[in-house]
Trainee: 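Sharing a structure with you now.
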Amino acid sequence: GVWRQTRALLFKNCLIKCRTKKSSVQEVLFPLFFLFWLILMSMMHPHRKYDEVPNTDLGPLDTSVLVNFVIGYTPPTALARQIMKKVAFENFEDGLITEEYLSEEELEEASFLKPSNFVGVVFKDSMSYQLRFHDSIAMSSIYMESR
């Protein structure tokens, strides 16, 4: 029954391995070679472990650099307005200047007119956004890949 078939299959596989010695050796040595290569690479670039940083009071935020700072956002939805209101008034005493734009094109045009003190925020959905600076786009840190 089952034992005879298993024994015949095992005997057949042993015959095949004995007749094809080159491929059998390759099946064993290639994984060992790659394992050795991975160990060598990990030894060349060891993991750095950093000590824990104690909690410290960083002091008040210097808001003098944020004078006349403009944050533009699009699309002007109720959720975006609520988020920008919280950013502008609850986190900063003087409040930041927030402007809403109907489209990304209008936001880009505004960034060209006020390049030094303008940051654009494009809300993709309720959980993701993009920051737009005068000459670049910065993705949310949630989507940064490990390097």
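Along the sequence shown, the residues carry numbers beginning at 1. Just so it is clear, the structure is predicted and the values come from calculations on it, not from any experiment.
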Trainee: Could you measure the distance from the CD atom of Glu106 to the CD atom of Glu100? Nearest 0.5 Å is fine.
Mentor: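 Rounded to the nearest 0.5 Å, the CD-CD separation comes out at 10.5 Å.
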Trainee: CZ of Phe123 to CD1 of Ile83: how many Å apart, nearest 0.5 Å?
Mentor: 4.5 Å
Trainee: Which distance, rounded to the nearest 0.5 Å, do you find between the CG of Asp125 and the CG of Leu79?
Mentor: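 These two atoms lie 9.5 Å from each other.
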Trainee: OG/Ser103 to CD/Glu109 distance, rounded to the nearest 0.5 angstrom?
Mentor: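 Reported value, rounded in 0.5 Å steps: 7.5 Å.
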Trainee: Between CE of Met41 and NE2 of His45, what distance do you get to the nearest 0.5 Å?
Mentor: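 That separation rounds to 4.5 Å.
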Trainee: Could you pull out the closest heavy-atom pair between Ala110 and Tyr101, with the gap in Å?
Mentor: CB-OH, 3.2 Å
Trainee: Within the structure provided, determine whether Thr6 and Phe11 are in side-chain contact (heavy-atom separation under 4.5 Å).
Mentor: no
Trainee: Does one hydrophobic cluster hold both Trp37 and Met44, with members joined at side-chain heavy-atom distances below 4.5 Å?
Mentor: yes
Trainee: Are any of the side-chain heavy atoms of Pro76 and Leu102 separated by less than 4.5 Å?
Mentor: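 Yes - at least one pair of side-chain heavy atoms lies under 4.5 Å apart.
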Trainee: How long is the span from the OG1 atom in Thr74 to the CD atom in Glu99, to the nearest 0.5 Å?
Mentor: 12.5 Å
Trainee: Please confirm whether the backbone N or O of Ala80 pairs with a side-chain atom of Thr77, one donor and one acceptor, at under 3.5 Å?
Mentor: yes
Trainee: Does atom NZ of Lys21 have more than 12 heavy-atom neighbours from other groups under 6.0 Å away?
Mentor: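 Result for NZ/Lys21: open.
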Trainee: Give the minimum heavy-atom separation between Ile71 and Met84, together with the two atoms involved.
Mentor: CG2-CE, 3.0 Å
Trainee: So do Arg132 and Val121 actually touch side chain to side chain, heavy atoms under 4.5 Å?
Mentor: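 Not in contact.
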Trainee: Using a 3.5 Å distance criterion without hydrogens, assess whether the side chain of Ser24 forms a donor-acceptor pair with backbone atoms of Lys17.
Mentor: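 Judged by distance alone, yes, a pair lies under 3.5 Å.
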Trainee: Starting from the C-alpha separation in whole Å, work towards a yes-or-no answer on side-chain contact (heavy atoms from CB on, under 4.5 Å) for Tyr73 and Val122.
Mentor: CA-CA 6 Å; Tyr73 65 94; Val122 179; over 6 Å; no
